[in-house]
Participant: 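Attaching a single structure in structure tokens format; questions to follow.
Note that ligands are numbered from 1 as they come in the structure, with each ligand's atoms numbered from 1 the same way. Here the structure is a predicted model, which means the values were calculated and not measured.
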Amino acid sequence: MNSRYRGRFAPTPSGPLHFGSLVAAVGSYVDARANQGAWLLRIEDLDTPRNVAGALDTILRQLEACALLWDEQIVYQSRRVSLYQAALEQLRASGQVFACACSRKEIADSSVLGIEGPIYPGTCRAGVTAGRSARTWRMRVSAQSIRAVDLLQGEHLQNLEVEVGDFVVQRADGIFAYQLTVVVDDAAQGITRVVRGADLLYSTARQMWLQRALRLVTPEYLHLPVALGDRGTKLSKQTFAPAIDATHASAAVGKALRFLGHAPPDALNGAAPRDLLAWAVEHWNLARVPAARAVPVAE
Ligand code: GLU
């Protein structure tokens, strides 16, 4: 195994894997193995209100049925809260985060819309007004452009101040936000290349901004196209995409490989997932993966 490349798959146990999440799992697995790399599994189970009972076991069974076998111990974010707390303290000590007393409604009423919701109007940037109490911690952003060069999607420029605003790193319910935890864990696990769905392309600039603030290394990024269902909507738990059927794992893996521009040869029709993946690892070529943000799923 090449000791340098470390990739990962980081599902949230809010439901079983569906075709969209399987594409991210297959793409990150094959890319890692084609580069003689390690492939780690991280369960992003911090957002407890979103966790669904039984989903974690189902995801593990689905991955095993698809022969997507991970290296090392599974990492559970719910057991790593002290790491996120330490990162927040580091940001606090260097003045890069501020306490914020604003409610969602106050922000919505006094802001313009950015690429992912309202842009924080800056109310608490210089301190919380006397008599009000802090609810969240927000990361300060600046007006400089952040440049991400994605291995598939190309160059992506984002001005955090104009397009996103100061963003939450610890929520009002005390839960650490995805943007902070993903950065802490990718660094702690020594991830060298993040391969995931292009719905997270816009998050990359926030993650790079946090990496700079925490003096962490920025990994390479490769955002795979998102799978679109019938009506052009992203296949997701929210749109009730069906769960991957572990008893039809071969068909599911074959379909994910076709979606990623790597249709296995006819001779492998009905082959075991392990053999389909071995073929893909041998033939993996990023130039064949559609360089699009989203692609409709062909039946
Ligand atoms: N947990 C995230 C999800 O399920 C993925 C995070 C990532 O790959 O950076 O969408």
Side-chain angles (χ1 to χ4, degrees), residues 6-32 37-52 55-56 58-60 62-63 68 70 74-81 83-84 87 116 148 150-153 156 158 164 167 169 171 175-211 214 216-228 233-239 241 243-244 256 260 293-294:
R6 287 170 68 82
R8 49 57 160 196
F9 177 54
T12 303
S14 54
L17 296 182
H18 50 76
F19 184 70
S21 37
L22 183 69
V23 165
V26 167
S28 60
Y29 173 90
V30 175
D31 191 69
W39 188 67
L40 312 185
L41 182 60
R42 179 168 77 230
I43 304 297
E44 303 212 320
D45 56 354
L46 262 194
D47 192 351
T48 38
R50 283 183 64 206
N51 291 347
V52 168
L56 170 61
T58 306
I59 291 173
L60 299 183
Q62 290 173 310
L63 290 173
L68 293 162
W70 55 91
I74 301 177
V75 162
Y76 293 91
Q77 288 196 320
S78 54
R79 301 180 192 165
R80 295 159 74 82
V81 170
L83 280 183
Y84 314 132
E116 270 176 17
D150 188 272
L151 293 172
L152 187 63
Q153 310 284 342
H156 180 69
Q158 197 178 88
V164 178
F167 57 92
V169 288
R171 306 180 344 190
I175 293 178
F176 289 101
Y178 158 69
Q179 305 293 354
L180 179 68
T181 60
V182 73
V183 158
V184 168
D185 282 331
D186 283 338
Q189 293 187 275
I191 301 302
T192 59
R193 184 180 292 183
V194 170
V195 182
R196 60 187 177 191
D199 50 326
L200 292 166
L201 186 63
Y202 290 129
S203 290
T204 307
R206 267 166 284 178
Q207 293 172 17
M208 291 174 68
W209 183 246
L210 281 167
Q211 285 151 0
L214 292 164
L216 300 172
V217 176
T218 293
E220 294 179 312
Y221 286 98
L222 197 175
H223 286 89
L224 301 169
V226 161
L228 297 181
T233 50
K234 179 192 160 207
L235 286 183
S236 68
K237 288 152 197 161
Q238 288 73 32
T239 57
I244 296 298
L260 291 169
R293 305 268 171 91

Participant: With heavy atoms of Glu44 as the reference, note each atom of ligand 1 found under 4.0 Å away.
Facilitator: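 With Glu44 as reference, the close atoms of ligand 1 come out as 1 (N), 2 (C), 5 (C), 6 (C).
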Participant: Nearest 0.5 Å, what's the CD-CG distance between Gln77 and Leu83?
Facilitator: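 Between atom CD of Gln77 and atom CG of Leu83 there are 10.0 Å.
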Participant: Calculate, to the nearest 0.5 Å, the distance between atoms OG and CH2 belonging to Ser28 and Trp70 respectively.
Facilitator: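 The OG atom of Ser28 sits 12.5 Å away from the CH2 atom of Trp70.
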Participant: How many angstroms lie between atom CZ of Arg80 and atom CG of Asp45, to the nearest 0.5 angstrom?
Facilitator: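 Rounded to the nearest 0.5 Å, the CZ-CG separation comes to 11.0 Å.
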Participant: Can you list every pair that meets ring pair (Phe, Tyr, Trp, His ring centres under 6.0 Å) and has a residue in residues 184-206, with sequence neighbours left out?
Facilitator: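 For residues 184-206, and leaving out neighbouring residues, the ring pair (Phe, Tyr, Trp, His ring centres under 6.0 Å) pairs sorted by first residue read His156-Tyr202.
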Participant: For ligand 1, note which part of Tyr178 has a heavy atom under 4.0 Å away: side chain, backbone, both or neither.
Facilitator: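 It is the side chain that gets close, since no backbone atom is under 4.0 Å.
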Participant: Looking only at distance, does Val194 have an N or O less than 3.5 Å from an N or O of ligand 1?
Facilitator: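 No: no nitrogen or oxygen of Val194 is under 3.5 Å from one in ligand 1.
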Participant: Which residue owns the protein heavy atom closest to atom 3 (C) of ligand 1, what's the atom, and how far is it?
Facilitator: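 For atom 3 (C) of ligand 1, the nearest protein heavy atom is Thr12 OG1, 3.6 Å.
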Participant: Test side-chain contact (heavy atoms from CB on, under 4.5 Å) on Asp186 and Leu216; report intermediate values, then the result.
Facilitator: CA-CA 10 Å; Asp186 283 338; Leu216 300 172; over 6 Å; no
Participant: Within a distance under 4.0 Å of any heavy atom of Val182, pick out the atoms of ligand 1 and give their elements.
Facilitator: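 Under 4.0 Å from Val182, ligand 1 has these atoms: 9 (O).
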Participant: So which protein heavy atom does atom 5 (C) of ligand 1 come closest to, and at what separation?
Facilitator: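 Going by distance alone, atom 5 (C) of ligand 1 is nearest to Ala10 O, 3.4 Å.
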Participant: To which protein heavy atom is atom 10 (O) of ligand 1 closest, and what is the distance rounded to 0.1 Å?
Facilitator: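 That would be Leu200 CD1, 4.3 Å.
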Participant: Using a strict 4.0 Å cut-off to heavy atoms of Arg8, name the atoms of ligand 1 that fall inside it.
Facilitator: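 Selected atoms, number and element: 7 (C), 8 (O), 9 (O).
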Participant: Side chain of Gln158, backbone of Ala205: donor and acceptor closer than 3.5 Å?
Facilitator: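 Here the side-chain-to-backbone pair does not exist.
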